[in-house]
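Below is one structure, written out as structure tokens; comments come after it.
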Amino acid sequence: MRPIYQHPWNVSLSDAVAIQRRLACHIEWDNRFSQIDTIAGVDVCIRNDKLHAAVVVLKFPVLQCVETALAEQPATFPYRPGLLAFREGPVILKALKKLKRLPDITIFDGHGRAHPYQIGIACHLGLLLNRPTIGCAKKRLWGQFEEPGNQKGQYSPITDKKTIIGAALRTRTNVKPVFVSSGHRVNLAASMQLVLDCCRGYRLPETIRQAHHLSVTSFEIS
DNA sequence: GCGACAG
DNA sequence: ATCTTGTCGC
């Protein structure tokens, strides 16, 4: 089956918003995955207007690396809060296409549902890839939340007009929380559990940490 | 007009 | 995200 959703990337800011609003109603918030054999982390770094994307696929739940992929591309679309997918999406898809096998779950360094139109980069790319995804950001973009308790595992909801759109989750005791939200086909509870399952180190899931390291390393070499 | 604002 | 020195907390 060919990709169902596709759209141009070289668009104006207003067109980008229009595309988001059109795609948003197709995002699925319920779990639609079964066995999880692999889970991946994706991240992008920018040097001299060049984007470097890295994806690290880990066997789950042992978190052993089974495959990685890199891609680079000039940065064209500007950074605008809410439109991150249009800036980083293309180079990320380029890296993901190099994988022998797409991961069962993919975690992004950015939001999912906790976005003004409920279509953060994790939702957007999950829909285009037709795969389950999770958003895991370092800072809030949309919605209100209270600081969660200081112990690892404690969390508080991120809400938008009484609707829970994500959670501020403490992945390490006494360390700033991460902001987790559903991407595509993974509900909030499962997203939070998986993010915690992927934490073996600092405060981001091991998957994203490794991808970040890899993306930084790649531009240092290039 | 002012404040907020993923990466 | 990137740039970039000293500095606060455990």
Side-chain angles (χ1 to χ4, degrees), chain A residues 9 13-14 16-17 19-20 23-24 27 41-56 70-96 106-127 133-147 150-152 158-161 165-184 188 191-192 195 202-205 207-220 222:
Chain A
W9 293 101
L13 296 178
S14 58
V17 171
I19 289 171
Q20 284 191 328
L23 295 179
I27 304 299
V42 177
D43 196 30
V44 173
C45 70
I46 306 155
R47 300 299 294 191
N48 303 316
D49 271 323
K50 189 168 191 175
L51 305 171
H52 297 260
V55 50
V56 172
L70 294 170
E72 56 180 54
Q73 192 172 94
T76 53
F77 201 92
Y79 169 70
R80 289 288 187 284
L83 296 178
L84 183 63
F86 284 85
R87 181 168 173 76
E88 300 189 347
V91 72
I92 288 175
L93 292 177
K94 192 173 177 180
L96 288 171
T106 302
I107 302 178
F108 292 84
D109 189 351
H111 290 96
R113 187 177 183 174
H115 171 281
Y117 302 122
Q118 301 199 44
I119 181 166
I121 190 168
C123 299
H124 195 138
L125 298 189
L127 184 65
T133 59
I134 294 170
C136 183
K138 296 182 288 295
K139 294 186 299 186
R140 182 203 76 98
L141 168 66
W142 191 256
Q144 304 81 227
F145 76 101
E146 306 266 293
E147 196 68 18
N150 267 319
Q151 297 303 302
K152 174 177 182 176
I158 299 175
T159 60
D160 177 22
K161 289 179 296 189
I165 57 175
L169 173 66
R170 200 77 70 176
T171 59
R172 300 288 286 174
T173 296
N174 292 328
V175 174
K176 287 169 60 63
V178 293
F179 300 87
V180 180
S181 57
S182 292
H184 183 51
L188 181 58
S191 296
M192 292 172 63
V195 163
Y202 183 46
R203 70 191 183 89
L204 284 182
T207 49
I208 290 182
R209 292 185 54 218
Q210 290 191 22
H212 180 264
H213 201 184
L214 193 59
S215 65
V216 171
T217 300
S218 75
F219 83 66
E220 289 177 337
S222 64

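In what follows, chains are A, B, ... by sequence order, proteins preceding strands, each numbered from 1. Worth knowing before you read on, the calculation uses all heavy atoms, side chains too, and leaves out hydrogens, waters and symmetry mates.
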Quiz item: Counting N and O atoms only, with roles assigned by atom type, does the side chain of A/T133 sit under 3.5 Å from a partner on the main chain of A/H184, one being a donor and the other an acceptor?
Solution: yes
Quiz item: Would you find a donor on one side and an acceptor on the other, under 3.5 Å apart, between the side chain of A/T173 and the backbone of A/K152?
Solution: yes
Check every atom of [options] against the side chain of [X] and return the nucleotide holding the closest atom.
| X | options | answer |
| --- | --- | --- |
| A/F219 | C/dT2, C/dA1, B/dA6 | C/dT2 |
| A/H212 | B/dA6, C/dA1, C/dC3 | C/dA1 |
| A/I46 | C/dC3, B/dG7, B/dA6 | B/dG7 |

Practice problem: Please name the pair of heavy atoms, one in A/P74 and one in A/L51, separated by the smallest distance, quoted to 0.1 Å. | Solution: O-CD1, 4.4 Å
Quiz prompt | pi-stack flag for A/Y79 and C/dA1, centroid dist under 5.5 Å, interplanar under 30° | solution = no
Measure from [atom1] on [X] to [atom2] on [N] and round the result to the nearest Å.
| X | N | atom1 | atom2 | answer |
| --- | --- | --- | --- | --- |
| A/N174 | C/dC10 | CG | C1' | 10 Å |
| A/I158 | B/dA4 | CD1 | P | 18 Å |
| A/F108 | C/dA1 | CZ | P | 16 Å |
| A/K176 | B/dA6 | NZ | P | 12 Å |
| A/Q20 | B/dA6 | CD | C1' | 12 Å |
| A/K139 | C/dT2 | NZ | C1' | 12 Å |
| A/R113 | B/dA6 | CZ | C1' | 17 Å |
| A/H124 | B/dG7 | NE2 | P | 18 Å |

Quiz item: At under 4.0 Å between heavy atoms, what does A/G82 touch on the DNA or RNA strands: base, sugar-phosphate, or nothing?
Solution: base
Quiz item: When all nucleic acid strands are considered with a 4.0 Å heavy-atom cut-off, which category describes A/L83: base, sugar-phosphate, or nothing?
Solution: base
Self-check item: Test salt bridge (charged side-chain N to carboxylate O under 4.0 Å, His left out) applied to A/E147 and A/K176, A/R140, A/R170, the passing residue
Solution: A/R170
Self-check item: Parallel, tilted or perpendicular: ring planes of A/W9 versus A/H124, cut at 30 and 60 degrees
Solution: parallel
Practice problem: For the pair A/H52 and A/F219, name the ring-plane relationship: parallel under 30°, tilted 30 to 60°, perpendicular over 60°. | Solution: tilted
Quiz prompt | Side-chain N,O (A/R140) to OP1/OP2 (B/dC5) below 4.0 Å | solution = yes
Exercise. Only one of A/I92, A/I208, A/I134 passes side chain to side chain contact (heavy atoms under 4.5 Å, CB included) with A/F108; say which it is.
Key: A/I92
Quiz item: Where does DNA chain B pair, written as one dot-bracket string 5' to 3', with Watson-Crick or G-U pairs under 3.5 Å, ( ) inside the strand, [ ] for crossing pairs and | for another strand?
Solution: .......
